[in-house]
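Input: a single structure, listed below in structure tokens.
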Amino acid sequence: QVRLAESGGGSVQAGGSLRLACTVSAGTHCKYDMSWYRKPPGQEREFVSSSTADGGTDYADSVKGRFAISQDNAKNTVFLQMNQLQPEDTAMYYCKIDHSTSWWGWEPPECTPSDPWGQGTMVTVSS
């Protein structure tokens with residue numbers, strides 16, 4: 001069963017850095033476009049950044065220039081390097097599979113996630 005596992009959250013002071021990772025438990029023939037979302041306390045979940053297996057990236061305006069997304073297709077892992085963290089970055093961070101297929105050009109069932117969302121990893125930034 002395809003599952004997502006996030007790691008790398010924690011507590012940091014303003015101005016610090018953290019690197020999140022999200023690994024999809026699937027074969028290396030599986031191909032994923034992935035993204036990061038976050039849910040600040042008491043707020044709705046919001047888009048942070050996205051990455052395609054072919055190298056495309058996108059960022060929310062609030063994190064442009066501070067966060068960098070990257071993807072290791074050989075390990076089915078997406079990373080989010082977060083620099084210059086601010087208290088308003090405090091949130092539960094979730095990774096998500098936006099699109100699943102395979103490097104063969106079609107989607108075998110073993111590449112399809114039953115749930116495209118990970119469980120989340122908490123990031124706390126103190127001032």
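A quick note: this is a predicted structure, and the numbers were derived from the prediction, not measured. Positions are given from 1 along the sequence.
T101 and E107 share no side-chain donor-acceptor pair at under 3.5 Å. A donor-acceptor contact under 3.5 angstrom links the side chains of T77 and T23, judged on distance only.
With N76 contributing its side chain and G27 its backbone, the two residues share a donor-acceptor pair below 3.5 Å. Listed for the R66 side chain is a donor-acceptor partner under 3.5 Å among the backbone atoms of Q84. Within the 3.5 Å criterion, the main-chain N or O of E88 finds no donor-acceptor partner in the side chain of T90. Within the 3.5 Å criterion, the main-chain N or O of T112 finds no donor-acceptor partner in the side chain of S100. Judged by distance alone, with hydrogens and angles left aside, the side-chain atoms of N73 form a donor-acceptor pair with the main-chain N or O of A53 at under 3.5 Å. Side chain of S49 to backbone of D58: a donor-acceptor contact under 3.5 angstrom is found.
The minimum heavy-atom distance linking S127 with P87 is given by the pair CB-CG, 3.9 Å. The minimum heavy-atom distance linking E6 with Q119 is given by the pair OE1-N, 3.0 Å. Pairing each heavy atom of N83 with each of S17, the nearest pair is OD1-OG, 2.9 Å.
If you take OH on Y32 and CG on L4, they are separated by 8.0 Å, rounding to the nearest 0.5 Å. Taking CE from M122 and CG from L20, the interatomic distance works out to 11.5 Å, rounded to the nearest 0.5 Å. Rounded to the nearest 0.5 Å, atoms CZ (R3) and OG (S114) are 6.5 Å apart. If you take NE2 on H99 and OG on S50, they are separated by 13.5 Å, rounding to the nearest 0.5 Å. D72 CG to F79 CZ: the interatomic distance, rounded to the nearest 0.5 Å, is 5.5 Å. Residue S62 holds its OG atom at 7.5 Å from CG of D89, rounded to the nearest 0.5 Å.
Ring orientation note: the planes of Y93 and F67 are tilted relative to one another, at an angle of 30° to 60°.
Remark: aromatic rings of Y94 and Y37 are distant, center separation not under 6.0 Å.
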| What do the steps show when you test L18 against V123 for side-chain contact (heavy atoms from CB on, under 4.5 Å), and what is the final call? | CA-CA 8 Å; L18 285 172; V123 171; 3.8 Å; yes
| query | side-chain contact (heavy atoms from CB on, under 4.5 Å) between W117 and R45: does it pass, once the steps are laid out? | reply | CA-CA 12 Å; W117 293 95; R45 187 155 50 187; 3.6 Å; yes
